[in-house]
Amino acid sequence: MDRYVTGSLQEIKQGGLTMVLNIILGLLSAFFLFASSIKIFGWQRKVFEIQLDMIESYGLNRQIMFLVGCAELFGATAIWFQSSWIGPLGALALLGTSIGAIFCHLVFDTWKQGVPAMMTGTMSAFVLSTGYSKLLDLL
């Protein structure tokens with residue numbers, strides 16, 4: 001009887017973790033697909049100009065903004081491949097862009113402007129923690 005109860009609790013715990021992971025994957029994908037599309041294509045003019053002004057105030061240029069957008073686009077799509085090494089690599093790309101954004105906001109802006117990057121960084125780190133062993137297997 002104890003074995004059955006323990007197994008059921010483990011299944012519930014694993015199922016809950018999978019649900020949380022899928023919610024985080026969806027949030028990260030939606031956020032970074034939107035953010036990267038603006039950085040790459042500049043289709044939302046007002047947001048694009050605000051972001052470009054911020055990037056230029058950090059001493060960077062439009063080309064760097066485009067590269068950041070490409071990294072975000074890669075990460076937002078790659079994180080869905082959690083069964084291979086591509087998923088954790090996508091999470092690592094999102095974590096890297098989030099850490100870069102946190103650094104820039106803390107150095108050049110106020111910490112309050114870095115809160116969204118802190119949240120996406122935390123979620124990216126969680127996704128990376130669920131599959132980092134697949135990346136280590138490549139080494």
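Owing to the predicted nature of the structure, the values given are computational and were not obtained by experimental measurement.
- Distance check, rounded to the nearest 0.5 Å: CH2 of Trp43 to CD1 of Ile38 gives 5.0 Å.
- For the pair Thr130 and Leu21, the tightest heavy-atom approach, listed with the atom from each and the gap, is OG1-CD1, 4.1 Å.
- Note: His105 NE2 to Thr110 OG1 = 9.0 Å, rounded to the nearest 0.5 Å.
- The number of heavy-atom neighbours closer than 6.0 Å to OH of Tyr58, taken from other residues, nucleotides and ligands shown, is above 12.
- No continuous path of hydrophobic side-chain contacts links Leu95 to Phe103 [ILVMFWY only; heavy atoms under 4.5 Å].
- The closest side-chain donor-acceptor pair between Ser124 and Ser98, if any, does not fall under 3.5 angstrom.
- Taking NZ of Lys39 as the start and CG of Leu52 as the end, the distance is 11.0 Å to the nearest 0.5 Å.
- The two residues Asn22 and Trp80 make their nearest non-hydrogen contact at O-CH2, 4.0 Å.
- Note that CD1 of Ile79 is 12.5 Å distant from CG of Leu92, once rounded to the nearest 0.5 Å.
- Trp85 has its ring centre no less than 6.0 Å from the ring centre of Tyr132.
- To the nearest 0.5 Å, atoms CE (Met118) and CE (Met123) are separated by 13.5 Å.
- In this structure, CD1 on Ile102 lies 12.5 Å from CH2 on Trp111, to the nearest 0.5 angstrom.
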(request) Please step through side chain to side chain contact (heavy atoms under 4.5 Å, CB included) for the pair Leu89 and Phe74, ending with a clear verdict. (result) CA-CA 9 Å; Leu89 185 62; Phe74 167 76; 4.0 Å; yes

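- A distance-only check finds a donor-acceptor pair linking the side chain of Thr120 to the backbone of Ala117 [under 3.5 Å].
- Closest approach of Pro88 and Lys134 over heavy atoms only: CG-CB, 4.4 Å.
- Hydrophobic clustering of Ile, Leu, Val, Met, Phe, Trp and Tyr side chains at less than 4.5 Å, counting indirect connections, keeps Leu28 apart from Leu73.
- If you chain together hydrophobic residues whose side chains sit under 4.5 Å apart, Val107 and Ile99 never meet in one group.
- More than 12 heavy atoms of other residues, nucleotides or ligands shown are found within 6.0 angstrom of CZ on Phe108.
- Connection of Phe31 to Phe126 is established within a shared hydrophobic cluster, with ILVMFWY side chains joined at heavy-atom distances below 4.5 Å, either directly or through further cluster members.
- Following chains of ILVMFWY side-chain contacts shorter than 4.5 Å, one can reach Leu25 starting from Leu94, so the two form part of one hydrophobic cluster.
- No donor-acceptor pair under 3.5 Å is formed between the side chain of Asp53 and the backbone N or O of Glu56.
- Residues Ile40 and Glu72 fail the side-chain proximity criterion, which asks for heavy atoms closer than 4.5 Å.
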